[in-house]
Amino acid sequence: MSLTTMGKDGLQVESVALGEVAARFGTPCYVYSRAALTAAYGAYRDALQAHGLLDRSLVCYAVKANSNLAILNLFARLGAGFDIVSGGELARVLAAGGRADKIVFSGVGKSRTEMRAALEAGIHCFNVESASELDQLNEVAGSAAHRAPVSLRVNPDVDAKTHPYISTGLKNAKFGVAFDQAFDLYIRAASLPHIALKGIDCHIGSQLLDPAPAAEAADKVLALVDRLAAAGITLEHIDLGGGMGIQYRAGEPAPSAADYLAPMLARLAGRREKLVFEPGRSLVGNAGLLLTRVEVLKPGAEKHFAVVDAAMNDLMRPALYDAWHDILKVGAGTTANCAATSAANAMAYEIVGPVCESGDFLGHDRELALNEGDLLAILSAGAYGMAMASNYNSRPRAAEVMIDGDVMHLIRRREDIADLFALESVLP
Ligand code: LLP
């Protein structure tokens, strides 16, 4: 399902024209669809249902993909759990009405303060990534008179075949406990007084378009679970992480949740353990776009530039990973642009922001007929867009709007200039 459709007033999300969003809330602006978020979550539920696994599964939304309270609240209402990686994310989930007992806590470097806060909240499980972390958690739990529920995150040494920056399951990665040390660490964990062994966890990377590496990782994990059971350690749940990729480019093949999960679910169907998944991108990525306006057209000797009011500080993925996002013209309807637009000739533009770096681009070589003042929609920006935004170049962060049918909800106001240095002070 595509997030946008063409209406009489140009591109729209659900029943709201993007021109109306820009007129009311300005640009740059992130726009999300409640229906699309709900459908993405529904696709996971349906896939689990089809394999008879829904009742013993927990879909923990990876908060890092987009941590807006309205989005967290929506997933909480749908029954989701949450995968967090910091005390900040823990606080967000609780503030958004998420249940603590459906939270798993991932990450290679949890602080003692974060451990304590999560123990006090009563989370479902810590995904522990090293022997030292296990000892620290045992100590923190002991001093708080708790037992910490624990999974070990194992590193299965599987090549996820994705961008190296978001590949996490190879031996040389900083993530997880090395596969050949995991068994011994489980044995040791079982002897620690303030650790309660609950499960096993694995996450091999992000934006995976092929389900095979995840299935290979699942095989390794299941073999380890069985070996542990034979040694007297029975685990209650198996967490296979997140990672399912989405379509960023029209025509590019991308799996459905049903197809991506099928090989994993087939392996799990006959077993007794509960299942946990940690999807981020696939729940929010294609449910959001970044709306931006063309400020300046700058024809050049070799390239034509369209300078827009969004930049790498708003959407960092192109600069950081050379990532592709489809860019559409919002088109008709927004004022006088309409007539002028039709007069413009399509040509290849570099879509760039105003930030002072050549890496500040949102798209290369995009064939568009543009006029200054036109609105553009940068698609597939719901995941790792706003969540990775910064104030670089002292640019206030964008507004975020959720569309629900024909209603627009402002779910994060645009930062203003005063916000930029509200936390700073000059020397006395
Ligand atoms: N679980 C763990 C332990 C993770 O590290 C991640 C993502 C997820 C789950 C969710 O993975 P997903 O379903 O979203 O693929 N900023 C990058 C992506 C970084 C992913 C980090 N970890 C990007 O914009 O592509």
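All ligand and atom numbering here is 1-based and tracks the order in the structure.
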Pair D419-R414, salt bridge (Lys or Arg N to Asp or Glu O under 4.0 Å): steps then yes or no | CA-CA 10 Å; D419 292 325; R414 181 178 306 289; over 6 Å; no

Looking only at N/O atoms, are G243 and ligand 1 under 3.5 Å apart anywhere?
-> yes

Contact summary for N127 and S106, nearest pair of heavy atoms = ND2-OG, 3.2 Å

Which ligand 1 atoms, with their elements, are less than 4.0 angstrom from a heavy-atom of R153?
-> 3 (C)

Answer whether the closest heavy-atom distance between the side chains of R271 and L222 falls below 4.5 Å.
-> yes

Could you check atom 5 (O) of ligand 1 against the protein and tell me its nearest heavy-atom contact, residue, atom and distance included?
-> K64 NZ, 3.4 Å

Does T5 reach the side chain of L11, with side-chain heavy atoms less than 4.5 Å apart?
-> no

Do the non-hydrogen side-chain atoms of C60 and H124 ever get within less than 4.5 Å of each other?
-> no

Region of S206 engaging ligand 1 - heavy atom pairs below 4.0 Å = both

Starting from atom 1 (N) of ligand 1, locate the nearest protein heavy atom and write down its residue, its atom name and how far away it is, to 0.1 Å.
-> E278 OE1, 2.7 Å

Per-atom contacts of ligand 1 with Y321, taking only distances under 4.0 Å to non-hydrogen atoms = 16 (N), 17 (C), 23 (C), 24 (O), 25 (O)

Applying a 4.0 Å heavy-atom criterion (strictly less than), which segment of H203 is in contact with ligand 1: side chain, backbone, both, or neither?
-> side chain

Would you say the side chain of L420 lies within less than 4.5 Å of the side chain of N391, judging by non-hydrogen atoms?
-> yes

Quick note on ligand 1: atoms under 4.0 Å from a heavy atom of P279 include exactly 13 (O)

Nearest non-hydrogen atom to atom 25 (O) of ligand 1 belongs to which of R281, Q207, M316?
-> R281

Can you list the atoms of ligand 1 that are under 4.0 Å from a heavy atom of G242?
-> 9 (C), 13 (O)

Report the member of S282, G385, G280 with the shortest heavy-atom distance to atom 13 (O) of ligand 1.
-> G280

Hey, can you tell me if F75 and Y41 have their rings parallel, tilted or perpendicular (30° and 60° cut-offs)?
-> tilted

If you have a sec, work out which protein heavy atom is nearest atom 20 (C) of ligand 1 and how many Å separate them, to one decimal?
-> Y384 OH, 3.6 Å

When you measure from atom 24 (O) of ligand 1 to every protein heavy atom, which one gives the shortest distance, and what is it?
-> R317 NE, 2.6 Å

Identify, by atom number and element, the atoms of ligand 1 in contact range of D83, meaning under 4.0 Å from any of its heavy atoms.
-> 1 (N), 2 (C), 9 (C)

Could you tell me whether D314 and R397 make a salt bridge, using a distance below 4.0 angstrom between a side-chain N and a carboxylate O?
-> no

Which protein non-hydrogen atom lies closest to atom 19 (C) of ligand 1, naming both residue and atom, and how far is it?
-> I166 CG2, 3.6 Å

Aromatic plane relationship, Y248 with H325 - under 30° parallel, 30 to 60° tilted, over 60° perpendicular = perpendicular

A96 versus L69, closest heavy-atom pair with distance | CB-O, 3.7 Å

